[in-house]
There are 4 protein chains.
Amino acid sequence: MAINTQTAEELRLFINRIEALNNEKANIVADIQEVFTRAKSTGFDPKIMREIIKIRSKDKIDLEEEEYLINAYKKALGMEEDNA
Amino acid sequence: MAINTQTAEELRLFINRIEALNNEKANIVADIQEVFTRAKSTGFDPKIMREIIKIRSKDKIDLEEEEYLINAYKKALGMEEDNA
Amino acid sequence: MAINTQTAEELRLFINRIEALNNEKANIVADIQEVFTRAKSTGFDPKIMREIIKIRSKDKIDLEEEEYLINAYKKALGMEEDNA
Amino acid sequence: MAINTQTAEELRLFINRIEALNNEKANIVADIQEVFTRAKSTGFDPKIMREIIKIRSKDKIDLEEEEYLINAYKKALGMEEDNA
DNA sequence: TCAGATAAAATCGCGC
DNA sequence: GCGCGATTTTATCTGA
């Protein structure tokens, strides 16, 4: 075999570590799913919840820039702007 | 073989027809991609364009309902509503 | 506003074109659905048909992929790749 | 407003929980990144490592899938499935 | 920065 | 009708 024992062992450790972290990640993703499911069964709309979470995670400047662009495009297309 | 010639031929025709339609669909998807790419190189933001297209395809009532919910959730969380 | 008449017209053309292509795509998707429906009423199982279509589209790709993976393994083990 | 104090508190808890889990997830993703970076600086190719990890996670799934596809073919040809 | 790959999210269709 | 699984669409990430 062209690869030496030392190197093979290092690779094995890296791979194992990443696979363990991937498992942890999968567990957390499952937990998140479960919270959304419980929230839904309590009567909350998961889609709106995702919207809220997204808004809270984005900083205000980005949101304003995005909204500004949307309004500019709407106006260019002759659509009415948000006035609400 | 357990399946008769007549049936096999029918299946073959259905499959062929679907595969042809899938090809047409793939071509159209590629065309859409190309338009987005050209729009981008002209200076338009594809993400905002997608937003606009989504807004135009949704009817007004759905949008208002969604916005109403978002504001209700924001208020429940002590976040400020959109007043812009 | 940030978008002048010239630019607004360009944007309008891009959006219109994409919306038209989206409509074409929706029509084709509906056609595909209709073929599946007819096939089903003829006695074929749509799920199995989808499997067959998937297999047929993947067969060629899989062979190439397999060769690629073999080379990846070899490389990871310090063996030389096929260059043929 | 449509959401009373009790309900608002429930919503707040759900959102907080999800945001906390999202943070944990982000930390793990950062850890994974860091392992790849260290492995790369040790001389391993991250792309190949990803391939290996993918292969290892798919190996078992692929075997089950292959068997399933064989049955799909048999069924499509009117032959009986394995029931073992 | 950009295209191509990867992962996440939304949508659709089935069965219970 | 509602969750569940599969497909498709969207967003993020990586390497060139």
Protein-nucleotide distance ([X], atom [atom1]; [N], atom [atom2]), rounded to Å:
X       : N      : atom1 : atom2 : result
C:Ile18 : F:dT10 : CD1   : P     : 11 Å
C:Leu21 : F:dT9  : CG    : P     : 13 Å
D:Lys47 : F:dC13 : NZ    : C1'   : 14 Å
C:Ile53 : F:dA6  : CD1   : P     : 17 Å
C:Ile32 : E:dT11 : CD1   : C1'   : 16 Å
A:Met49 : E:dA9  : CE    : P     : 13 Å

Pull out every protein N or O sitting under 3.5 Å from an N or O of nucleotides 5-7 of chain E, one pair per line with the distance.
from  : atom 1 : to      : atom 2 : distance (Å)
E:dT6 : OP1    : D:Lys54 : NZ     : 3.2

| task | Answer with base, sugar-phosphate or nothing: what part of the nucleic acid does D:Gln33 contact at a heavy-atom distance below 4.0 Å? | result |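 Sugar-phosphate, backbone atoms only, no base.
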Can you list everything that forms a side chain to side chain contact (heavy atoms under 4.5 Å, CB included) with [X]? Sequence neighbours excluded, please.
X       : value
C:Lys40 : C:Pro46
B:Asn27 : none
D:Arg12 : B:Leu77, D:Glu9, D:Asn16

| said: Which residues pass the salt bridge (charged side-chain N to carboxylate O under 4.0 Å, His left out) test with A:Glu34, not counting sequence neighbours? | reply: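 Counting only residues at least two positions away or on another chain, A:Glu34 forms a salt bridge (charged side-chain N to carboxylate O under 4.0 Å, His left out) with A:Arg38.
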| said: Once salt bridge (charged side-chain N to carboxylate O under 4.0 Å, His left out) is applied, do any residues pair with A:Glu10, and if so which ones, sequence neighbours excluded? | reply: none
| Close side-chain approach of B:Leu69 to A:Glu51, heavy-atom, < 4.5 Å |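 Counting from C-beta outward, B:Leu69 and A:Glu51 never come under 4.5 Å.
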